[in-house]
Amino acid sequence: MLLIDLARTSAAVAADSARLAKIRHLGELLCRVGADEAEIAIAYLSGELPQRQIGVGWRSLSDLPEPRQVATATLTRVDELLERIKSRSGAGSQAARRELLGELFGALTRQEQSFMHRLLTGELRQGALNGVMIEAIAMAANVPAAEVRRALTLRGSLPAVGAAALRGGVAELKAFHLEVGRAVAPMLAQSAPSVTAALEKAGAPAAVEWKLDGVRVQAHRSGDRVAVFTRTLDDITAQVPELVEAVLGLPGTDLVLDGEVIALRPDGRPEPFQVTSGRVASRTDVASLRATVPLTVFFFDALRVDGADLLDLPDEERHAALEAAVPAGLVTPRLVTADADEAEAFFGDAVRRGHEGVVVKSLRTPYAAGRRGAGWVKVKPRHTLDLVVLAAEWGSGRRRGRLSNLHLGAYDPETGGFVMLGKTFKGLTDELLTWQTEQFLRLAEGPADDYVVTLRPALVVEIAFDGVQRSSRYPGGMALRFARVLRYRPDKRPEEADTAAAVRALMP
DNA sequence: TTCCGACAGTGGGGTCGCAAT
DNA sequence: ATTGCGACCCCACTATCGGAA
């Protein structure tokens with residue numbers, strides 16, 4: 001199959017806003033693709049690469065050759081070139097990569113170049129990713145979507161699952177099973193503003209567990225072999241020896257456990273997320289890092305214990321299996337209750353101990369991997385500040401033509417100026433985007449067509465955020481985590497905004 | 001007919017490793 | 001030694017479609 005077929009399908013998918021139409025476009029293409037190229041087609045059309053990552057981003061894609069007039073590139077040929085690009089490493093590899101990218105793009109038409117550029121930068125923006133592709137595969141292979149979804153959960157790769165479905169239908173999909181050593185798509189959580197609201201979503205009685213501000217891990221053990229995966233199924237076994245040892249210390253030898261690793265201080269309180277994140281990401285000198293920043297693991301779910309797959313069991317039974325397989329010290333603290341006050345108190349205690357919040361879990365739901373079902377609902381405390389809009393950036397995609405991303409500052413009474421604390425684009429409705437674009441253009445100091453439009457500090461906006469963290473990027477040495485807009489404060493003047501000193505007081 | 005679950009899009013801060021400068 | 005880039009850790013929120021109620 002030719003790449004142009006995919007580029008055309010992608011354009012058709014983007015042009016139709018209806019999900020069913022997108023599914024039809026994708027499904028029709030999948031009916032035409034040969035078995036040898038099915039994985040490539042599914043990967044590309046759901047915004048992925050079979051290689052996963054190849055070391056090419058937006059910067060490497062500048063200065064591309066002129067397009068061709070005639071489309072001749074096959075999927076196999078493109079895949080080969082991407083494979084060669086990925087395999088390059090070491091000195092001179094960037095020049096080599098550029099040359100191979102030139103060879104690839106030089107063989108593509110304008111439409112193919114655009115498609116490949118968006119694919120490689122992770123910005124396909126056709127309104128269809130895995131969710132729609134699952135339905136398209138189901139249509140093309142004439143199988144129930146639930147079967148595709150189940151196989152994806154267990155295999156973790158939609159191209160592999162889709163190719164199997166097209167090849168062998170339901171029979172081949174049913175052959176996928178939980179394999180120790182092969183990462184499962186992790187179950188995700190919705191969020192709620194309060195524990196009481198979360199209990200309503202999950203249904204009482206429910207389990208309330210500490211939400212630790214660390215890195216999600218899935219640990220597999222088969223005999224004396226252990227493998228550890230992240231949320232995106234990256235293998236980080238070598239970076240977390242403490243976890244490997246903890247799992248090897250368990251009596252069971254056939255395990256798949258779900259949990260969180262976190263760096264704790266000697267007093268047991270959590271380190272800031274930055275510390276845990278840096279430790280987990282470090283590949284060099286792990287042995288000495290474990291002495292200074294030791295990691296602790298807390299498990300909260302069991303997907304397999306001693307030969308038994310538990311995914312389809314209700315939470316309650318999986319947790320019982322977890323407690324039987326893992327000593328209490330390695331299990332995330334948990335309270336089962338139907339009482340909202342009791343649950344709120346448990347939440348308050350977790351937060352006082354420095355943790356991120358809680359996750360409220362329905363006792364009845366199976367491990368619904370890869371979907372944000374109401375089975376798990378997270379609750380975190382929310383801070384707010386009144387800050388001043390210092391500048392704004394023009395949006396992209398559906399926000400093109402509107403000033404979208406706000407630069408936020410706290411007031412500094414000593415200088416009469418403002419200290420930038422970060423940016424946000426979250427929480428804005430279309431209506432608010434339109435309104436603020438108008439306002440900002442009136443306040444613009446300097447050219448309004450620059451990417452960043454600097455404003456006269458006049459507008460106060462109420463911002464919600466999860467916490468203040470250390471920053472090397474911003475002048476105050478601090479930045480907001482997960483900042484989002486709640487509302488504008490026309491009743492407040494900029495000098496009435498929260499001060500930099502007040503924000504500093506929130507630093508851990 | 002209305003409601004609501006699931007999805008995709010739109011970007012945020014931080015860290016590490018690696019290649020180039 | 002420093003810088004830029006790519007990849008990946010954490011992520012919140014709104015708009016939309018289409019099936020459920």
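Naming convention: chains lettered A, B, ... in sequence-line order (proteins, then strands); numbering from 1 in each chain.
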Query raised in the report: Given A/Glu99 and A/Arg88, is the salt bridge (Lys or Arg N to Asp or Glu O under 4.0 Å) satisfied, shown in steps?
Result: CA-CA 11 Å; A/Glu99 192 165 324; A/Arg88 290 292 171 147; over 6 Å; no

Requested in this report: Just do the salt bridge (Lys or Arg N to Asp or Glu O under 4.0 Å) check on A/Glu393 and A/Lys423 with the steps written out, would you?
Outcome: CA-CA 10 Å; A/Glu393 296 172 11; A/Lys423 310 181 194 176; 2.9 Å; yes

For atom [atom1] of [X] and atom [atom2] of [N], their distance in whole Å:
X	N	atom1	atom2	result
A/Lys426	C/dA12	NZ	P	7 Å
A/Lys201	B/dA6	NZ	C1'	12 Å
A/Ile54	C/dG6	CD1	P	11 Å
A/Leu433	B/dT10	CG	P	12 Å
A/Arg216	C/dC10	CZ	P	9 Å
A/Arg118	B/dT10	CZ	P	12 Å
A/Gln126	C/dT16	CD	P	19 Å
A/Leu233	C/dC8	CG	C1'	13 Å

Query raised in the report: How is A/Arg279 classified with respect to the nucleic acid when contacts are heavy atoms under 4.0 Å: base, sugar-phosphate, or nothing?
Result: nothing

Query raised in the report: With a non-hydrogen cut-off below 4.0 angstrom, is A/Ala464 in contact with a base, only sugar-phosphate, or nothing?
Result: nothing

Requested in this report: May I ask you to verify if any side-chain N or O of A/Gln274 is less than 4.0 angstrom from the OP1 or OP2 atom of B/dT15?
Outcome: yes

Report task. Take A/Arg402 and A/Glu438 through the test salt bridge (Lys or Arg N to Asp or Glu O under 4.0 Å) and record every step on the way to the result. Result -> CA-CA 9 Å; A/Arg402 285 146 142 183; A/Glu438 248 174 63; over 6 Å; no

Requested in this report: Can you tell me the pairing partner of B/dC7 across any strand shown, Watson-Crick or G-U wobble, with both distances under 3.5 angstrom?
Outcome: none

Report task. On DNA chain C, check which nucleotide each of A/Arg19 and A/Asp234 is closest to and give me the residue with the more 5' one. Result -> A/Asp234

Query raised in the report: Taking for each residue the nucleotide of DNA chain C with the nearest heavy atom, is it A/Gly214 or A/Glu431 whose nucleotide lies nearer the 5' end?
Result: A/Gly214

Query raised in the report: Is it true that a side-chain atom of A/Lys211 and a backbone atom of A/Val379 form a donor plus acceptor pair closer than 3.5 Å?
Result: no

**Report entry** Listed partners of A/Arg481 passing side-chain hydrogen bond (donor to acceptor under 3.5 Å, both in side chains), at least two apart
**Finding:** A/Asp213

Report task. Please figure out whether A/Trp394 or A/Leu129 has its closest DNA chain B nucleotide nearer the 5' end. Result -> A/Leu129

Using nucleotides 17-19 of chain B, report all nitrogen or oxygen pairs with the protein that are shorter than 3.5 Å.
unit_1: B/dG17; atom_1: OP1; unit_2: A/Arg283; atom_2: N; d: 3.0
unit_1: B/dG17; atom_1: OP1; unit_2: A/Thr284; atom_2: N; d: 3.1
unit_1: B/dG17; atom_1: OP1; unit_2: A/Thr284; atom_2: OG1; d: 3.0
unit_1: B/dA19; atom_1: OP1; unit_2: A/Gly90; atom_2: N; d: 2.5

